[in-house]
Engineer: 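Submitted below is the structure of interest, expressed as structure tokens.
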Amino acid sequence: VSSSLPEVGVGIVGYGIMGRAHAYAYAAAPRIRDLPCRPRLRLMSGRDGGAVAEAARRYGVEEATTDWRALVEHPDVDIVDVCTPPGTHAEIVAAAAAAGKAVLCEKPLAADYAHAARAVAAVREAGVPNAIGFNYRRLPALALMRQMVADGRVGEPLLLRASFLSDEFLDPTIPFDWRFERAMGGTTISDLGAHLVDFALWMVGDIAEVSAQSQTFTRERPQVDSDARREVEVDEASSAIVSFASGARGTFEMARTCARRPCDFSVEVNGTSGTLRFDYQNLNELWYGDGAEPGELYGMRRIRAEHESHPYAAQWWPIGQGVGYDASFVNQVADHLERWPDGDWTPDLETGLRVQAVCEAMERSAAQRRWVAVAEVQGT
Ligand SMILES: NC(=O)c1ccc[n+]([C@@H]2O[C@H](COP(=O)([O-])OP(=O)(O)OC[C@H]3O[C@@H](n4cnc5c(N)ncnc54)[C@H](O)[C@@H]3O)[C@@H](O)[C@H]2O)c1
């Protein structure tokens with residue numbers, strides 16, 4: 001990596017799973033892509049001084065601090081990368097924008113629509129580059145799926161079906177943490193569903209109306225620091241039917257109570273002339289059925305989304321070697337750094353807000369047992 005390139009200082013807020021994934025991505029990006037600048041992992045923040053210092057050392061970040069505001073205001077930090085729970089995002093994004101820093105914020109944008117709107121207002125007012133962490137868009141197969149839908153390979157989309165299944169909450173002995181607290185973790189709809197809703201808006205367009213149901217099977221959980229049990233404030237499993245502005249229809253399921261399903265998501269679009277389906281378990285493949293083909297070829301073909309003509313594929317390994325979860329984060333930061341300092345970042349926080357509106361409409365629908373228009377949440 002040439003040292004003659006201008007440096008871009010990165011500060012990562014939070015050192016959990018996403019802090020690790022993002023730090024890895026900044027380190028790997030210059031080795032995968034030719035970039036106009038060199039990211040420098042300058043600072044990492046967390047509440048536990050010893051733990052954040054150890055994480056910074058392991059992830060290759062120069063310094064650690066327990067004060068996220070000091071990170072945001074540090075003169076060497078150009079990009080504030082927010083990897084903390086959703087309930088903290090809006091305040092950190094607003095402070096970073098006010099300090100004139102570019103912002104990459106993990107999904108969901110916030111724990112509710114009102115806070116998400118505040119984050120968007122802050123970046124809009126400051127005019128800083130901003131992006132939401134919908135990393136899965138950057139998997140070659142999903143990027144190819146979106147491109148094929150946009151190119152009309154399935155005709156007009158009629159139906160979208162998406163599900164995200166995990167077993168994260170199945171065990172009732174898992175102690176209460178931020179994921180079970182509504183104001184900090186949001187909901188299963190916004191945590192897992194945000195990715196699915198993003199795919200839907202990206203591939204098929206705006207969602208007009210939703211009807212959802214939610215269930216929480218384990219209503220109380222043990223606490224680590226007390227004998228009293230604490231009430232779980234979030235849905236563990238939800239599903240929704242939706243209507244798109246185009247007239248297309250969709251179904252969504254997001255659940256964290258599915259035994260032996262680790263992080264299994266899928267998305268399928270059925271159009272007037274074809275079908276496309278992606279399954280994360282086989283993340284370098286795409287299934288395609290082309291209604292224009294002769295009857296003897298009736299069925300779905302498996303596309304290996306690793307050909308040099310496919311999005312991102314040529315930047316990685318020779319065909320047949322595959323890419324993984326890590327590649328989605330590397331592609332994400334490389335796409336941003338490639339446009340540094342002037343280009344627009346995409347998807348931006350505005351996209352995160354549009355997704356949050358649909359999630360909140362689903363939450364409201366489940367709570368009130370009625371169809372909810374997304375415009376009702378947006379106040380328009
Ligand atoms: N894009 C993806 O694939 C993906 C995957 C997992 C998580 N996420 C998102 O990333 C964000 C962080 O998730 P994670 O899995 O890295 O979480 P984590 O629990 O592993 O880490 C959370 C970090 O935030 C800090 N923190 C700050 N305030 C906190 C509070 N009040 N309670 C608990 N921790 C607090 C913790 O110290 C820790 O460093 C969330 O918004 C989550 O939805 C995205």
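Worth saying up front: this structure is predicted, and the values here are computed from it rather than measured. Just follow the structure's listing: the first ligand is 1, and inside any ligand the first atom is 1.
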Engineer: Under a 3.5 Å threshold, yes or no: a donor from one side chain and an acceptor from the other, between Arg161 and Thr251?
Structural biologist: no
Engineer: Please identify which atoms of ligand 1 are closer than 4.0 Å to at least one heavy atom of His89.
Structural biologist: 41 (O)
Engineer: With no hydrogens and no angle check, do the side chains of Thr272 and Glu156 hold a donor and an acceptor under 3.5 Å apart?
Structural biologist: no
Engineer: List ligand 1 atoms under 4.0 Å from Gly14, heavy atoms only on the residue side.
Structural biologist: 39 (O)
Engineer: Side-chain contact, heavy-atom cut-off 4.5 Å: Phe217 with Leu170?
Structural biologist: no
Engineer: Which atoms of ligand 1 have any heavy atom of Asp191 under 4.0 Å away?
Structural biologist: 43 (O)
Engineer: Which option, Trp68, Tyr15, Tyr325, Phe329, owns the non-hydrogen atom nearest atom 39 (O) of ligand 1?
Structural biologist: Tyr15
Engineer: Among the heavy atoms of Gly46, does any lie under 4.0 Å from an atom of ligand 1?
Structural biologist: no
Engineer: Considering non-hydrogen atoms of the protein only, which is the closest contact for atom 42 (C) of ligand 1, and what is the distance?
Structural biologist: Lys107 O, 3.6 Å
Engineer: Taking only heavy atoms of Met184, which atoms of ligand 1 are found under 4.0 Å from at least one of them?
Structural biologist: 31 (N)
Engineer: Verify the distance criterion only: is there a donor paired with an acceptor across the side chains of Thr346 and Asp348 at less than 3.5 Å?
Structural biologist: no
Engineer: Can you report which non-hydrogen protein atom sits closest to atom 8 (N) of ligand 1, along with the distance?
Structural biologist: Met18 CG, 3.4 Å
Engineer: Only pairs at least two apart or in different chains count here, so list each ring-ring contact (aromatic ring centres under 6.0 Å, His included) that has a residue in residues 35-82.
Structural biologist: none
Engineer: Is it the case that ligand 1 has an N or O less than 3.5 angstrom from some N or O of Pro108?
Structural biologist: no
Engineer: If you count the atoms of ligand 1 from 1 in the order shown, which ones are under 4.0 Å from a heavy atom of Pro86?
Structural biologist: 40 (C), 41 (O)
Engineer: Please list the nearest protein heavy atom to atom 20 (O) of ligand 1 with its residue and the distance rounded to 0.1 Å.
Structural biologist: Ile17 N, 3.0 Å
Engineer: With sequence neighbours left out, what residues match Phe329 under side chain to side chain contact (heavy atoms under 4.5 Å, CB included)?
Structural biologist: Met18, Ala21, His22, Ala25, Glu106, Asn135, Tyr325, Gln332
Engineer: Would you say the side-chain atoms of Asp81 and Tyr26 include a donor-acceptor pair closer than 3.5 Å?
Structural biologist: yes
Engineer: What I want to check is whether the side chains of Asp78 and Trp340 have a donor and an acceptor closer together than 3.5 Å.
Structural biologist: no
Engineer: What residue and atom, counting heavy atoms only, is the protein's closest point to atom 21 (O) of ligand 1, and at what distance?
Structural biologist: Gly16 CA, 3.3 Å
Engineer: Measure Asn135 to ligand 1 on non-hydrogen atoms and call it side chain, backbone, both or neither using the 4.0 Å cut-off.
Structural biologist: side chain
Engineer: Who's the nearest protein heavy-atom neighbour of atom 23 (C) of ligand 1, and how far?
Structural biologist: Cys83 O, 3.8 Å
Engineer: On a heavy-atom basis, I'd like to know which of Met44, Arg179, Arg47 is closest to atom 37 (O) of ligand 1.
Structural biologist: Arg47
Engineer: What residue and heavy atom of the protein are closest to atom 24 (O) of ligand 1, and at what distance?
Structural biologist: Pro85 CD, 3.3 Å
Engineer: Is there a side-chain contact between Leu286 and Met148 (heavy atoms, below 4.5 Å)?
Structural biologist: yes
Engineer: Please report which non-hydrogen protein atom sits nearest to atom 44 (C) of ligand 1, along with the residue it belongs to and the distance in Å to one decimal place.
Structural biologist: Glu106 OE1, 3.1 Å
Engineer: What residue and atom, counting heavy atoms only, is the protein's closest point to atom 40 (C) of ligand 1, and at what distance?
Structural biologist: Thr84 O, 3.6 Å
Engineer: Any heavy-atom pair between the side chains of Phe164 and Phe252 that's under 4.5 Å?
Structural biologist: no
Engineer: Just checking, is any N or O donor in the side chain of Thr257 or Glu236 under 3.5 Å from an acceptor N or O on the other one?
Structural biologist: no
